[in-house]
Undergrad: 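Could you have a look at this structure, given as structure tokens, before my questions?
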Amino acid sequence: MFTQRDKIKELAEFLVKGQDTQCMIFRNTNYQPRGVSEVITCEYSIKTLRIVYNEWFVEGFELANKMKLPGTEYHGKLVKGSGVTVTTKDKGPYTFYGKDALSIKDACELNRDIASYILTR
């Protein structure tokens with residue numbers, strides 16, 4: 001039997017893959033960089049749903065990885081302990097961790113070039 005939490009997760013994963021999803025990604029200066037890794041905040045909105053998470057990011061990851069630059073091991077990982085928060089108008093906020101968080105994050109980033117969405121401040 002599905003709980004309310006399971007339903008929110010499934011709904012988020014389904015809706016965020018749509019073309020109507022609005023995406024805003026910006027560098028988060030509240031976290032210190034780790035080598036060449038820095039934190040970005042990813043925010044997706046569709047209909048009455050909002051998904052937010054913090055993720056480590058390395059610009060030009062392929063090249064940085066080949067050069068074995070410090071911080072590349074963080075690339076693509078959620079900031080430890082931050083999780084993925086899904087907020088709906090009628091059900092409120094839910095924060096997911098572990099496999100559930102990664103599943104939602106993967107759905108958000110499917111067929112999206114994250115680097116092209118990043119806003120600089």
Side-chain angles (χ1 to χ4, degrees):
M1 185 162 147
F2 277 125
T3 64
Q4 186 67 38
R5 184 177 187 78
D6 294 331
K7 290 177 186 176
I8 296 295
K9 179 184 171 281
E10 293 295 321
L11 182 65
E13 289 176 344
F14 175 74
L15 288 179
V16 79
K17 293 177 187 175
Q19 295 293 348
D20 296 339
T21 302
Q22 294 179 356
C23 177
M24 185 171 77
I25 299 173
F26 54 92
R27 288 184 169 84
N28 189 325
T29 57
N30 295 328
Y31 296 90
Q32 291 286 61
R34 302 276 173 102
V36 292
S37 294
E38 58 187 342
V39 174
I40 57 172
T41 297
C42 303
E43 192 173 309
Y44 299 87
S45 301
I46 183 149
K47 301 188 182 191
T48 61
L49 191 88
R50 183 172 168 250
I51 302 169
V52 179
Y53 58 88
N54 293 313
E55 172 182 11
W56 289 101
F57 179 77
V58 176
E59 197 151 356
F61 173 69
E62 315 286 323
L63 182 59
N65 199 28
K66 282 182 188 173
M67 296 171 68
K68 299 187 183 341
L69 292 175
T72 55
E73 67 273 12
Y74 290 98
H75 179 76
K77 295 182 180 175
L78 293 171
V79 172
K80 191 172 184 175
S82 65
V84 174
T85 302
V86 179
T87 306
T88 62
K89 270 190 176 175
D90 53 344
K91 306 283 191 278
Y94 288 83
T95 302
F96 297 87
Y97 300 96
K99 291 179 187 174
D100 289 341
L102 292 176
S103 178
I104 296 169
K105 176 185 157 313
D106 290 344
C108 289
E109 296 178 3
L110 183 69
N111 299 322
R112 290 191 171 94
D113 177 18
I114 298 303
S116 66
Y117 285 97
I118 295 178
L119 300 174
T120 54
R121 291 184 188 196

Undergrad: Output, in order, the C-alpha distance, side-chain angles, deciding distance and verdict of salt bridge (charged side-chain N to carboxylate O under 4.0 Å, His left out) for Lys9 and Glu13.
TA: CA-CA 6 Å; Lys9 179 184 171 281; Glu13 289 176 344; 3.1 Å; yes
Undergrad: I would like to know whether Gln4 and Tyr94 meet side chain to side chain contact (heavy atoms under 4.5 Å, CB included); could you show each step before the answer?
TA: CA-CA 10 Å; Gln4 186 67 38; Tyr94 288 83; 3.2 Å; yes
Undergrad: Report yes or no: do Leu63 and Val36 belong to one cluster of Ile/Leu/Val/Met/Phe/Trp/Tyr joined by side chain heavy-atom distances under 4.5 Å?
TA: yes
Undergrad: Show the nearest heavy-atom pair for residues Phe57 and Ala115, with the distance to one decimal.
TA: CZ-CB, 3.9 Å
Undergrad: Parallel, tilted or perpendicular for Phe61 and His75, by the 30°/60° rule?
TA: parallel
Undergrad: When Val79 is tested against each of Tyr53, Tyr31, Tyr74 for side chain to side chain contact (heavy atoms under 4.5 Å, CB included), which residue passes?
TA: Tyr31
Undergrad: Is Phe14 reachable from Val16 through a run of hydrophobic residues whose side-chain heavy atoms are each under 4.5 Å from the next?
TA: yes
Undergrad: First locate atom CG of Leu11, then atom OG1 of Thr88, and finally report the distance between them rounded to the nearest 0.5 Å.
TA: 8.0 Å
Undergrad: For a side chain to side chain contact (heavy atoms under 4.5 Å, CB included) check, start with the C-alpha distance between Thr3 and Arg5, then their side-chain angles and the critical distance, and finish with the verdict.
TA: CA-CA 5 Å; Thr3 64; Arg5 184 177 187 78; 3.7 Å; yes
Undergrad: Nearest 0.5 Å, what's the CD-OG1 distance between Glu62 and Thr72?
TA: 11.0 Å
Undergrad: When Val86 is tested against each of Val52, Ile51, Thr95 for side chain to side chain contact (heavy atoms under 4.5 Å, CB included), which residue passes?
TA: Ile51
Undergrad: For the NZ atom of Lys47 and the NZ atom of Lys89, what is their distance to the nearest 0.5 Å?
TA: 13.0 Å
Undergrad: Quick check: closest heavy atoms across Arg112 and Ala107, and the distance to 0.1 Å?
TA: NH1-O, 4.2 Å
Undergrad: Is there a continuous path of hydrophobic side-chain contacts, each under 4.5 Å between heavy atoms, that joins Val39 to Ile114?
TA: no
Undergrad: Show the nearest heavy-atom pair for residues Lys105 and Leu78, with the distance to one decimal.
TA: CD-CD2, 3.7 Å
Undergrad: Which pair of non-hydrogen atoms, one from Glu55 and one from Gly76, has the smallest distance, and what is that distance?
TA: OE2-CA, 3.2 Å
Undergrad: Report, as yes or no, whether the 6.0 Å neighbourhood of atom CG on Asp106 holds more than 12 heavy atoms from other residues, nucleotides or ligands.
TA: yes
Undergrad: Please list, chain by chain and in numerical order, all residues satisfying salt bridge (Lys or Arg N to Asp or Glu O under 4.0 Å) with Glu43, sequence neighbours excluded.
TA: Arg50
Undergrad: Look up atom NZ in Lys91 and atom CG in Leu49, then write down how far apart they are to the nearest 0.5 Å.
TA: 11.5 Å
Undergrad: Between atom CG of Leu15 and atom SG of Cys108, what is the distance when rounded to the nearest 0.5 Å?
TA: 10.5 Å
Undergrad: Return the SG to CD1 distance between Cys42 and Ile118, rounded to the nearest 0.5 Å.
TA: 7.5 Å
Undergrad: Is the closest side-chain donor-acceptor distance between Ser103 and Asp100 under 3.5 Å?
TA: no
Undergrad: Search all heavy atoms of Ala64 against all heavy atoms of Val58 and return the closest pair with its distance.
TA: CB-CG1, 3.7 Å
Undergrad: What's the shortest heavy-atom distance between Trp56 and Gln32, and which atoms?
TA: CH2-O, 3.6 Å
Undergrad: Please walk me through it: do Ile25 and Tyr44 pass side chain to side chain contact (heavy atoms under 4.5 Å, CB included)?
TA: CA-CA 9 Å; Ile25 299 173; Tyr44 299 87; 4.0 Å; yes
